[in-house]
Amino acid sequence: MLREAKEKEKQRLAQQATMEPTAHYGVLFDEFQGLSHLEALEILSNESEAKVRSYLASLEGEELEAAKKVLIAIKAVFLSQGSETQDKEITKDARDEFITTLTELLFELHLAATPDKLNKARKKAYVALEAASLSTSGDLEENPPGQTKEADDEIVEMQVTEEKSQVGEPERTETRRTETVEELYMLSIESLAEVTARCIEQLHKLAELILHGQEVEKPALDQARGLTNLTNTMCNEVSSLSQQFSHVLTSVGSDKKAEILNPMVNSVLSEGCNSTAYIQDAFQLLLPVLQISHIQNHGLKTQD
């Protein structure tokens, strides 16, 4: 799976070679350790799959059929993932509900994995969106007196850049980051890559907890449904982010020629699809992990 992901990224980089400035999603996704977590998750998945096959090979007759029936039922839930993903109207309440929903789903899974890093990455992305939205109406350039120092500080704090800002010039840095369509395009790709990487990290953490955490009392089928809902929530979020960035990008670049603006907008939407694909791939890697966890827990109970 990782070979395919890297090969696809090479092809994408070749296709983007003529576009300036260029924002390489795959490179950024790797820098945010998205590929590292995906690779670690794939290793856990392969090891779990080998254990599942070994376990099934040790069974015969009715025991084998009964075990297969349960494992196939878990797989059926995983195969249904994506059927509930849908485009929703984007509101501030919907933004605020994401982390609440995610935390509730994690609690229902009986797994102690708080989404702190994911929440921080999302917050940074939305601060960038709001800053860009303000720049389209001229609020940033005019620096209205109604804008509070706290709002300025939050924008500066959340926008992490490669170069350090000079002390005493936060407004200048903020404006520079959002005043051109090219910079907003690159920020859009960076935000999608970071949020997606944090989603993969969250799923990797869940896999480790399922395998090595405390004994889980929740039935495997219920866990499979919970993981499906969690993944759909993540996919809907990155899809929403890509749409919002594309809308703001269109507004900021309203004075640009179509041949310059359209490739950027299309690229952001394409990377939104790429983000959901990464998350869905990571989710599918959880299947053998959950199956072997069920086998181990069932084995523990039958020995008591």
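Although no hydrogens or angles enter the test, the distance criterion places no donor-acceptor pair under 3.5 Å between the side chain of Ser267 and the main chain of Pro263. Between the side chain of Thr233 and the backbone N or O of Asn229, at least one donor-acceptor pair lies under 3.5 Å. Within the 3.5 Å criterion, the main-chain N or O of His247 finds a donor-acceptor partner in the side chain of Ser251. Between the side chain of Ser239 and the backbone N or O of Cys235 there is no donor-acceptor pair closer than 3.5 Å. Judged by distance alone, the side chain of Ser191 and the main-chain N or O of Ala125 form no donor-acceptor pair under 3.5 Å. Panel note: side chain Ser246, backbone Gln243; a donor-acceptor pair is recorded below 3.5 Å. Not a single donor-acceptor pair under 3.5 Å links the side chain of Asn119 to the backbone N or O of Pro115. Listed for the Asn274 side chain is no donor-acceptor partner under 3.5 Å among the backbone atoms of Ser270. The backbone N or O of Asn236 lies less than 3.5 Å from no partner atom in the side chain of Ser240, so there is not a single donor-acceptor pair. Thr228 contributes a side-chain N or O that, together with a main-chain N or O of Ala224, makes up a donor-acceptor pair within less than 3.5 Å.
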request  = Go through the steps for Lys69 and Glu62 under the test salt bridge (charged side-chain N to carboxylate O under 4.0 Å, His left out), then give the verdict.
outcome  = CA-CA 10 Å; Lys69 185 177 180 180; Glu62 293 183 0; over 6 Å; no
Stepwise side chain to side chain donor-acceptor pair (under 3.5 Å) test for Gln296 and Ser293 = CA-CA 5 Å; Gln296 291 171 343; Ser293 174; 5.5 Å; no
inquiry  = Could you go through Glu190 and Tyr25, starting from their C-alpha distance and side-chain angles, then the distance that decides it, and tell me whether this counts as side chain to side chain donor-acceptor pair (under 3.5 Å)?
reply    = CA-CA 7 Å; Glu190 178 184 328; Tyr25 176 95; over 6 Å; no
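Proximity of Leu285 to Leu38: side-chain heavy atoms (C-beta onward) are separated by under 4.5 Å at one or more points. You'll find the side chain of Met264 stays beyond 4.5 Å of the side chain of Lys256, heavy atoms only. For the pair Leu290/Phe78, a side-chain contact is recorded, criterion being any heavy-atom separation below 4.5 Å from C-beta on.
Crowding of Glu259 atom CD: a count of heavy atoms from other residues, nucleotides or ligands under 6.0 Å exceeding 12.
Ion pairing between a basic and an acidic side chain is recognised when a charged N comes within 4.0 Å of a carboxylate O; Lys120 and Glu194 show no such pairing. Taking a cutoff of 4.0 Å between a charged side-chain nitrogen and a carboxylate oxygen, Arg198 and Glu201 qualify as a salt bridge. With respect to the salt-bridge test (charged N to carboxylate O, under 4.0 angstrom), the residues Arg53 and Glu49 qualify.
Judged purely by distance below 3.5 Å, without hydrogens or angles, the side chains of Ser36 and Glu39 never pair a donor atom with an acceptor atom.
Screening Leu106, Leu211, Leu41 for a side-chain contact (heavy atoms from CB on, under 4.5 Å) with Leu206, the sole residue that qualifies is Leu106.
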